[in-house]
Number of protein chains: 2
Amino acid sequence: MSKKKEVTTETQILEAAKHVFQNKGMDGARMQEIADEAKINKAMLHYYYRSKQLLFEAVFKNAFLLLAPQLNKVLNDDSSIEDKIRNFTSNYISFINKHPYIPNFIIQELNRNPNFISNISEQAIFPNIDKFKKQVEIEVQQGILKPIAAEQLFIHLLALNVFPFIAKPLVKAFLHLEDKDFKQFMESRKKEVADFIIHSIKA
Amino acid sequence: MSKKKEVTTETQILEAAKHVFQNKGMDGARMQEIADEAKINKAMLHYYYRSKQLLFEAVFKNAFLLLAPQLNKVLNDDSSIEDKIRNFTSNYISFINKHPYIPNFIIQELNRNPNFISNISEQAIFPNIDKFKKQVEIEVQQGILKPIAAEQLFIHLLALNVFPFIAKPLVKAFLHLEDKDFKQFMESRKKEVADFIIHSIKA
DNA sequence: TTTTGGTTTAACCAAGTGGTTAACAAATGT
DNA sequence: ACATTTGTTAACCACTTGGTTAAACCAAAA
C-alpha cells in the first residue's frame, strides 16, 4: 500500500463536495463544480468515490457525525435537566454558527430520501433518548419539573433551537432583519430559549 | 378571449407541477414527469408557463398564498394572545395534515434561493408582525404576560409548530415512531405546544 | 536503470435535459 | 362557408449530465 498523495487529494475532494452538496443539495450539485472547487480532474471524483451517490453519502455521514455528539451530550450526561437545557441551547447555537449549512442539509436530504436514515440510525452514535427520558420522569416525580412527556420536551428543545436556522430566510423577512441583525437575534436566543423552556417546565 | 379547454389543461398542469415540485424540489423535478402526471404533452407546459422557472414560481406562490392566511389570522385578529396561541397551534397542525408538503417545500426552496423571498415579501398578503407586537407589549404592561419580546415569542410559536413537520424523518427516527404514531404524536402536540407556551409566558 | 504500481489527465460517450418548431386539430369570428 | 385564432402533438435540437477509458505521469522498489 503506497499512499503518495492519496490523503490530500481525497480530503480535498471531500471538502469541496461538502461545500457544494451542502449549498446545492444532491440534485443541484454538479460533479464538475466539485472537481473545479477541489482543483482536480473530474475523473478523480470517481476514482476515489466511485459515484455521485457514494460521494454524497460520504458527505452526509460526515455531517451527521458532527451533529450527533451535540445531541448525545444532552441526552447522556448526568447534569440536571435544567443545566442540560441551558448548556445545549448555548452550545448548539454556537455550533451552528460555525457550521451554518448542517441542519438544513441534513433535513433537506432526509426529506428527499427518508429511507436514508435507516443507514445511520443503527449506528452507535445515533442519539438515543432512553436515558433522557428516565431522567425527566425522575425529576417530575421529585417535583422538580411539572409533568411533561420527555419526548415532547426533547422535540420542543430541538424545535426552538434548530428551526430559526433552517427557516432563516423566512425569519429574516418576517422580522425585517439583515444578516447582522439575524446573528444578534440568534445570539440573544441562547438565553431566551433556555429561559423560555425552563419557565414552562419548572414546578 | 376564447377559453375552450384552457382552464382544465392549465390547472391540470399546475396540480401536477405542485405535486412534482413539492416532492422533488426545483432541481429534482423533471418537466417530462410533470407532463406525464398531468397526462398532457410536454410542450403544453411551455405553452402555458413558458419555462420551468416560471412554472415553479407559480407553484411556489400558490403554496405561499395558502400558508400566509394561517399566519395573518394570528397576527391580525383581536383575540387575546393566549387565545391566538391556542387557536393557531390547533389550526396549523390540522392545516399541515391536509398539506403536508408545504412547509418543507417553502423552506427548502427559500434556502436554495434566498433572494426569492423579496418577490413575495412586498405583497399585501405577506404576514406583518406589527399588530401582534403591540398586542404583546400591551399584555405585558397589563401584567397578563411576563416580559417577553414579541419577535422571540412569534418565532417560538412557529418553531414549535413547524419544526416537527419539517424534520419528520428525524423525529420519527429519534422517537422510534411509525407514520401512524407520528400522526398521533402531532395530534397530541395541538394541546401540548399551546400549554407549553402559555405556561411559560403567563404572569 | 528499469520496472512497477497507484495516480492523474484529456478526450470521449450515451442518456437525459429544458426548450423549440412546424404541422395539425378544434373553436371562434365573420 | 371560410378565415383566423387558439390548443395540441410528435419530432427534433443544442447542451449538460454522470460516468468511462486509455494513455501519460511519477515516485519508489528491484
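Every heavy atom of this structure was used, including side-chain atoms; hydrogens, water molecules and symmetry mates were not. Chain letters run A, B, ... following the sequence lines, proteins first, then strands; residues in each count from 1.
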Within this structure, what is the [atom1]-to-[atom2] distance between [X] and [N], rounded to whole angstrom?
| X | N | atom1 | atom2 | result |
| --- | --- | --- | --- | --- |
| B:Ile34 | C:dG19 | CD1 | C1' | 14 Å |
| B:Tyr47 | C:dA22 | OH | P | 17 Å |
| A:Asp36 | C:dT9 | CG | P | 12 Å |
| A:Lys39 | C:dT8 | NZ | C1' | 17 Å |
| B:Gln12 | D:dT8 | CD | P | 9 Å |
| B:Tyr49 | D:dG7 | OH | P | 13 Å |

Taking OP1 and OP2 of C:dT7, is either one under 4.0 Å from a side-chain nitrogen or oxygen of A:Thr9? no
Is A:Tyr48 close enough to C:dT8 that one of its side-chain N or O atoms is under 4.0 Å from OP1 or OP2 there?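 Answer is yes, contact under 4.0 Å.
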Mind checking what makes ring-ring contact (aromatic ring centres under 6.0 Å, His included) contact with [X], not counting sequence neighbours?
| X | result |
| --- | --- |
| B:His176 | none |
| A:Phe56 | A:Phe21, A:Phe105 |
| B:Phe126 | A:Phe174, B:Phe64 |

For B:Lys202, I'd like to know if atom NZ has over 12 heavy atoms of other residues, nucleotides or ligands within 6.0 Å.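 Counting neighbours around NZ of B:Lys202, 12 or fewer heavy atoms of other residues, nucleotides or ligands fall under 6.0 Å, so no.
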Who pairs with [X] by side-chain contact (heavy atoms from CB on, under 4.5 Å), at least two apart in sequence or on another chain?
| X | value |
| --- | --- |
| B:His19 | B:Asn23, B:Glu37 |
| B:Ala159 | A:Leu160, A:Phe163 |
| A:Ser79 | A:Asp77, A:Asp83, A:Lys84 |
| B:Glu33 | B:Val20, B:Lys24, B:Arg30 |

Are A:Pro103 and A:Ile96 packed together at the side-chain level, in the sense that at least one heavy-atom pair is separated by less than 4.5 angstrom? yes
Could you list the residues that satisfy salt bridge (Lys or Arg N to Asp or Glu O under 4.0 Å) with A:Glu57, not counting sequence neighbours? none
Qualifying residues under salt bridge (Lys or Arg N to Asp or Glu O under 4.0 Å), relative to A:Arg86, sequence neighbours excluded: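 A:Arg86 satisfies salt bridge (Lys or Arg N to Asp or Glu O under 4.0 Å) with A:Glu82, A:Asp195 once adjacent residues are dropped.
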Counting only heavy atoms and a strict 4.0 angstrom limit, can you tell me which residues of residues 108-116 of chain A come near DNA chain C? none
Give me the distances for all protein-to-nucleotides 17-23 of chain D N/O pairs that come in under 3.5 Å?
unit_1	atom_1	unit_2	atom_2	d
D:dT17	OP1	A:Arg30	NE	2.8
D:dG18	OP1	A:Ala29	O	3.3
D:dG18	OP1	A:Lys52	NZ	3.1
D:dG18	OP2	A:Met31	N	3.2
D:dG19	OP2	A:His46	NE2	3.2
D:dG19	OP2	A:Lys52	N	2.7
D:dG19	N7	A:Lys42	NZ	2.6
D:dG19	O6	A:Lys42	NZ	2.5

Rounded to 10°, the helix from C:dT1-D:dA30 to C:dT30-D:dA1 deviates from straight, judged by its five-pair end axes, by 10°
